[in-house]
Chemist: 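Sending over a structure as structure tokens; questions will come in a sec.
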Amino acid sequence: MNTHRTSTLVLGGTGKTGRRVVERLQARGLPVRVGSRAGEPPFDWEDRSTWEPALEGVGSVYLTYYPDLAVPGAVEAVHELAALAVRSGAPRIALLSGRGEPEAGRGEEAVRATGAELTVLRSTWFMQNFSEDYMLEHVLAGEIRLPGGDVPTPFLDIDDLADVAVAALTDDRQPGRLYELTGPHSLTFADAAAVISAASGRTVRYVPVTLEQHAAGLREHGVPGEVVELLTYLFGEVVDGRNADTTDGVREALGREPRDFASYAAGAVAAGAWNAVPSTSR
Ligand SMILES: NC(=O)c1ccc[n+]([C@@H]2O[C@H](COP(=O)([O-])OP(=O)(O)OC[C@H]3O[C@@H](n4cnc5c(N)ncnc54)[C@H](OP(=O)(O)O)[C@@H]3O)[C@@H](O)[C@H]2O)c1
């Protein structure tokens, strides 16, 4: 069997959403190439010479940019990568984008302009940020200290996002679609802390801080300047109430309801996500 053109390159294939997309494609017996700096061949956004070899023999791409489509140079990079993918025989692209971020919108346009068979997955904040990313340390320390005010966010379970990505990559009816993806309910950070406390048995509370206090705290803990800037942008731009409403994106794409925060928290507890003791770095 010639599978030469059927492989999917999953960028960020070792990351939160990419890993889940890889698992799902492999479970279907579909050929996958894990896009990673440690991949075979390696893929590195910072080294354009790695892009062409990574695309060789590939027919579709799950495109996630790291760290965020909002950082300088991201729009140009995703445009160039997508154009190369289209030229090298991988026109089908599922792009992970950020909801309510003007820069992410420009990234979507840049990829669309290449003529790719594009599905846009425009996602709100991930539930898994509380268990697999920077908010994990906050949960373990018992205090979620963030500049989120009392604005509700319709957090998305990235198991749903990965299901939508796989549909986008494998279903011929998907290209051209744009999905706004959220969970089924909007929760404030205080609500999220309460659900995590109830599920885990830990005492976790939300402590609202200002953008300036948050940035100062990050700098004190040695977080690099560009990461501080990115998080300040995201909290200032995305968590301001404009993106508080839920959407039908998961139902449109999959014909079922999205998973809710309580199910996510129960799953995270079962997986031992919040068993560790806190580290001092935060
Ligand atoms: N977190 C959210 O709530 C959220 C919401 C909406 C959209 N998004 C978007 O999701 C995307 C990914 O963010 P994430 O926070 O979920 O991160 P992530 O995918 O978990 O990030 C880690 C991945 O990035 C890869 N990576 C890091 N540096 C790289 C480089 N120089 N070249 C190639 N790959 C590199 C890592 O691969 P290796 O280390 O193996 O090389 C790893 O697979 C971003 O564009 C973000 O805007 C995130």
Side-chain angles (χ1 to χ4, degrees), residues 9-23 32-51 53-55 61-82 93-108 110-111 120-136 138 144 146 148 153-162 164-165 178-183 187 189 192 223-224 226-227 229-231 233-235 237-239 243 247 249-250 258 261 264:
L9 173 63
V10 178
L11 297 179
T14 56
K16 288 191 294 300
T17 69
R19 181 167 52 77
R20 289 170 162 86
V21 172
V22 167
E23 284 165 6
V32 181
R33 177 168 296 162
V34 178
S36 156
R37 289 165 295 178
E40 191 48 60
F43 176 87
D44 189 344
W45 284 110
E46 307 297 327
D47 179 0
R48 279 170 166 65
S49 74
T50 63
W51 298 7
L55 281 164
V61 180
Y62 176 57
L63 205 177
T64 66
Y65 186 78
Y66 188 86
D68 197 285
L69 282 176
V71 305
V75 172
E76 295 74 16
V78 294
H79 175 78
E80 212 178 298
L81 186 280
I93 295 178
L95 172 70
L96 174 57
S97 180
R99 185 170 185 233
E101 288 182 59
E103 275 78 1
R106 283 195 273 285
E108 295 168 13
V111 173
V120 175
L121 316 180
R122 196 184 277 169
S123 172
T124 185
W125 286 49
F126 304 159
M127 294 179 185
Q128 278 78 1
N129 291 339
F130 291 97
S131 48
E132 299 177 26
D133 206 320
Y134 61 95
M135 280 157 23
L136 171 60
H138 294 235
I144 300 174
L146 292 174
T153 298
F155 297 102
L156 175 71
D157 189 322
I158 55 176
D159 282 323
D160 286 336
L161 193 151
V164 177
L178 184 158
Y179 294 114
E180 291 261 353
L181 300 171
T182 74
L187 283 80
F189 282 101
V223 175
E226 62 269 23
V227 178
E229 229 171 82
L230 174 62
L231 287 172
Y233 163 82
L234 289 173
F235 276 103
E237 191 76 28
V238 183
V239 188
N243 303 299
T247 64
V250 170
F261 200 87
Y264 150 73

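Note that ligands are numbered from 1 as they come in the structure, with each ligand's atoms numbered from 1 the same way. Excluded from the calculations below are hydrogen atoms, water molecules and symmetry mates; all remaining heavy atoms, backbone and side chain alike, are included. Not measured: the values here are computed from a predicted model.
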Chemist: With a 4.0 Å cut-off, would you call E103 and R106 a salt bridge?
Modeler: yes
Chemist: Taking the ring centre of each residue, are F130 and F155 less than 6.0 Å apart?
Modeler: yes
Chemist: So, applying side-chain hydrogen bond (donor to acceptor under 3.5 Å, both in side chains) with Q128, which one of D133, D157, T17 is it?
Modeler: D157
Chemist: Go through the structure and list residues passing side-chain hydrogen bond (donor to acceptor under 3.5 Å, both in side chains) with E108, not counting sequence neighbours.
Modeler: S97, R122
Chemist: A side-chain contact here means heavy atoms from C-beta on lying under 4.5 Å apart; do L96 and S123 qualify?
Modeler: yes
Chemist: If only atom types and distance count, is the side chain of R33 paired as donor or acceptor with the main-chain N or O of A54 below 3.5 Å?
Modeler: yes
Chemist: List, pair by pair, the atoms of ligand 1 and of the protein that are both N or O and lie under 3.5 Å apart, giving the separation rounded to 0.1 Å.
Modeler:
| from | atom 1 | to | atom 2 | distance (Å) |
| --- | --- | --- | --- | --- |
| ligand 1 | 1 (N) | N129 | OD1 | 3.2 |
| ligand 1 | 3 (O) | F126 | N | 2.9 |
| ligand 1 | 3 (O) | N129 | ND2 | 2.8 |
| ligand 1 | 15 (O) | K16 | NZ | 3.0 |
| ligand 1 | 16 (O) | K16 | NZ | 3.1 |
| ligand 1 | 20 (O) | K16 | N | 2.9 |
| ligand 1 | 20 (O) | K16 | NZ | 3.2 |
| ligand 1 | 31 (N) | D44 | OD1 | 3.0 |
| ligand 1 | 32 (N) | D44 | OD1 | 3.4 |
| ligand 1 | 32 (N) | W45 | N | 2.9 |
| ligand 1 | 37 (O) | T14 | OG1 | 3.2 |
| ligand 1 | 39 (O) | R37 | NH2 | 2.7 |
| ligand 1 | 40 (O) | T14 | OG1 | 2.6 |
| ligand 1 | 40 (O) | S36 | OG | 2.7 |
| ligand 1 | 41 (O) | R37 | N | 2.8 |
| ligand 1 | 41 (O) | R37 | NE | 2.8 |
| ligand 1 | 43 (O) | G12 | O | 3.3 |
| ligand 1 | 43 (O) | T14 | N | 3.3 |
| ligand 1 | 43 (O) | T14 | OG1 | 2.7 |
| ligand 1 | 43 (O) | G15 | N | 2.9 |
| ligand 1 | 45 (O) | Y65 | O | 2.5 |
| ligand 1 | 47 (O) | D68 | OD2 | 2.9 |

